2 protein chains.
Amino acid sequence: MPAYQRIAAAYRSQIMSGELRPEDRLPTEHEIADRFGVVRQTVRTGLGILVTEGLIVARRPHGYFVRRREHMVYRPQEKSRPRPASPEMDRFSQQIVDEGRTPHQAIEVSLVQAAPDLAERLGIAAGETVVARRRVRFINGEPVNINDSHFPIELVKDSEIMSPAYLPRGTDQVLADLGYRQDRAIDEIFIRMPTPEEIHRLSLGPGTPVAAHYDTGYTAAGTPVQCTVNVLPGDRHKIVFERHWQGEPAG
Amino acid sequence: MPAYQRIAAAYRSQIMSGELRPEDRLPTEHEIADRFGVVRQTVRTGLGILVTEGLIVARRPHGYFVRRREHMVYRPQEKSRPRPASPEMDRFSQQIVDEGRTPHQAIEVSLVQAAPDLAERLGIAAGETVVARRRVRFINGEPVNINDSHFPIELVKDSEIMSPAYLPRGTDQVLADLGYRQDRAIDEIFIRMPTPEEIHRLSLGPGTPVAAHYDTGYTAAGTPVQCTVNVLPGDRHKIVFERHWQGEPAG
DNA sequence: ACATCTACATTGTCTAGTCAATGTAGATGT
DNA sequence: ACATCTACATTGACTAGACAATGTAGATGT
């Protein structure tokens, strides 16, 4: 086994076993190099593996630290339930306040050309104009996820959706008022590494995979009216839903 | 911007834009080094980023190639629907055959001590013995996902679940016959980088994140009777489910 | 025709350094 | 007391090489 893999394995097992705990500091590259009898570059290769695995982070000039991970719960199913009591808050903000934390979001509205993946889901041609309501959600000042909603422009031009203000009613309700009430949605979740843009918007450290959750809403007539892309950093979320059995198991 | 990032950005954009397509070959490290006026090591750092992003793979001694990705559909909701017609095949195999491909699975039964995460979900103490039915599922000879089911040993000792044979009825049915019929399940999905063991069992390339799907089943009495861990490589799956609206939107 | 060997190009691992960037703690000055 | 500067330890970026490992294609032998 190459030296750099031995180094990675050594500290990985210390972290996994709990011997090294979150926020603990690792030895310096120099110390590790001496300990394993290799040069610093080899140590860097080995620790680089743990960085891309999301187990440690480097804080210059302090050293390497074991990464902390606590998951916030993400419930895709809740979206098709009636809204909570206070209409001035969306479900995300409500949940955060319930947990005693401070939410905050920055909304930005723009007209963009639909990328192929979006166009397909919205049933339009690639390159056609869509309205994008892009927002990054923050908790206690730290970004936690991306929520970019997209609407075909014919459906929403002249409506409130074009305004970058926060819509207490929620965009689903605005769409319903415009005559496009959704009664069905398809959810698709992809697991991948983030793009540089996502890394920037979410201040992601290296080694953080994301879930890309595409939520496409349809009217009763089967017309897609919105497609929302949620980008959830893996180190900050877990996705939760419940099932109840349908039909009787035979026997 | 550092040279290695410029290199990564250059080839990333060529891949994203479609200029470089799946299976296309990149220039050799040497050529890239000459082109950007840096040494080979710097090129390796840059290409290393794209490898960990899952965009390219290195095939020695042939060079770097743009990675292909095609997603197989994973439907967690289907699990709580009645089973398909042919009782000798489970849902996974049925789906694969429908797609004209050849499924195959290797089942291995063992007694293990419950890790803390499992113990918590099964409502037992960490370290207690559980029965693990571990299996890797293959399509056309290639591993696609891990499906490890865990049962408290008191519930299933002396039952067929202890046998490493394939159970046409399915373990849920066996549990039901033992008096532990599930009528509710909680699904939790975590996004993370794979462990070395998962990399080995699934033959994962570097830069492949996974979804870990914990499916915990409960009887009507609220007792957890099984916890299944599905590990889905991000480059081979998308998770899909559907929602239908409950309750009437006001207005 | 067939098997076997060999040269080769390419990536993989590693050494031994240099200089830059960065946040902190302690020294210094007023 | 307070602000400012400076030295320092640490990680980040990079150079210039060496040798190993690995499939393949072509040469060679029978």
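Everything numeric here is computed off the predicted structure, so don't read it as measured data. Chain identifiers are assigned alphabetically (A, B, ...) following the order of the sequence lines, protein sequences preceding nucleic acid strands; residue numbering begins at 1 within each chain.
A:Glu198 and A:Arg134 are not joined by a salt bridge, as no carboxylate oxygen comes within less than 4.0 angstrom of a charged side-chain nitrogen.
Distance alone, capped at 3.5 Å, is enough to place a donor-acceptor pair between the B:His237 side chain and the B:Pro233 backbone.
Sequence order on DNA chain C of the closest nucleotides to A:Arg6 and B:Leu26 puts B:Leu26 first from the 5' end. Judged by closest nucleotide on DNA chain C, B:His30 is the one of A:Val38 and B:His30 placed further toward the 5' end.
Ring planes of B:His213 and B:Tyr74: perpendicular class, angle over 60° (limits at 30 and 60°).
The phosphate of C:dG12 (OP1 or OP2) has a side-chain N or O of B:Tyr64 nearer than 4.0 angstrom. Considering only side-chain N and O atoms, B:Thr28 lies nowhere under 4.0 angstrom from the phosphate OP1 or OP2 of C:dA9. Phosphate contact (OP1/OP2 of D:dG12, side-chain N/O of A:Arg44, threshold under 4.0 Å): present. Taking side-chain N and O atoms only, A:Thr42 has a distance below 4.0 Å to OP1 or OP2 of C:dT15.
The interatomic distance linking A:Arg40 (CZ) with C:dC19 (P) rounds to 14 Å, in whole Å. Following rounding to the nearest Å, B:Tyr4 (OH) and D:dT11 (C1') show an atom-to-atom distance of 11 Å. As a whole-Å value, the separation of B:His62 NE2 from C:dT11 P is 11 Å. The distance between atom CZ of B:Arg60 and atom C1' of C:dA9, rounded to the nearest whole Å, is 12 Å. Atom CD of B:Gln41 and atom C1' of D:dC14 are 9 Å apart (whole Å). Between the CD atom of A:Glu29 and the P atom of D:dA13 there is a distance of 11 Å, rounded to whole Å. Protein atom CG of B:Asp34 is 12 Å distant from nucleotide atom P of D:dT15, rounded to whole Å. Separating the CD atom of A:Gln5 from the P atom of C:dT13 is a distance of 6 Å, rounded to the nearest angstrom.
The B:Ala3 side chain lies nearest to D:dC14 when the options are C:dT15, D:dC14, C:dT13. Closest approach to the B:Arg25 side chain among C:dT10, D:dA13, D:dC14 is made by C:dT10 (side chain taken as heavy atoms from C-beta onward). Side chain of A:Ala58, nearest nucleotide from C:dT11, C:dT15, D:dG12: D:dG12.
Applying the Watson-Crick and G-U wobble criteria (two distances, each under 3.5 Å), C:dT18 pairs with D:dA13. Across all strands shown, C:dT28 pairs with D:dA3; the Watson-Crick or G-U wobble distances both stay below 3.5 Å. Using N1 to N3 plus N6-O4 or O6-N4 for Watson-Crick, or N1-O2 and O6-N3 for G-U wobble, each under 3.5 Å, C:dC8 pairs with D:dG23.
The heavy-atom pair separating A:Val109 from A:Met162 by the smallest distance is CG1-O, 3.5 Å.
Both the sub-6.0 Å distance and the 45° axial angle are satisfied by B:Arg59 relative to the ring of B:Phe65.
Counting only heavy atoms from C-beta outward, the side chains of A:Val229 and A:Arg121 never approach each other to under 4.5 Å.
Among the protein residues, B:Arg59 comes within range of no part of the nucleic acid, since none of its heavy atoms lies under 4.0 Å from any strand.
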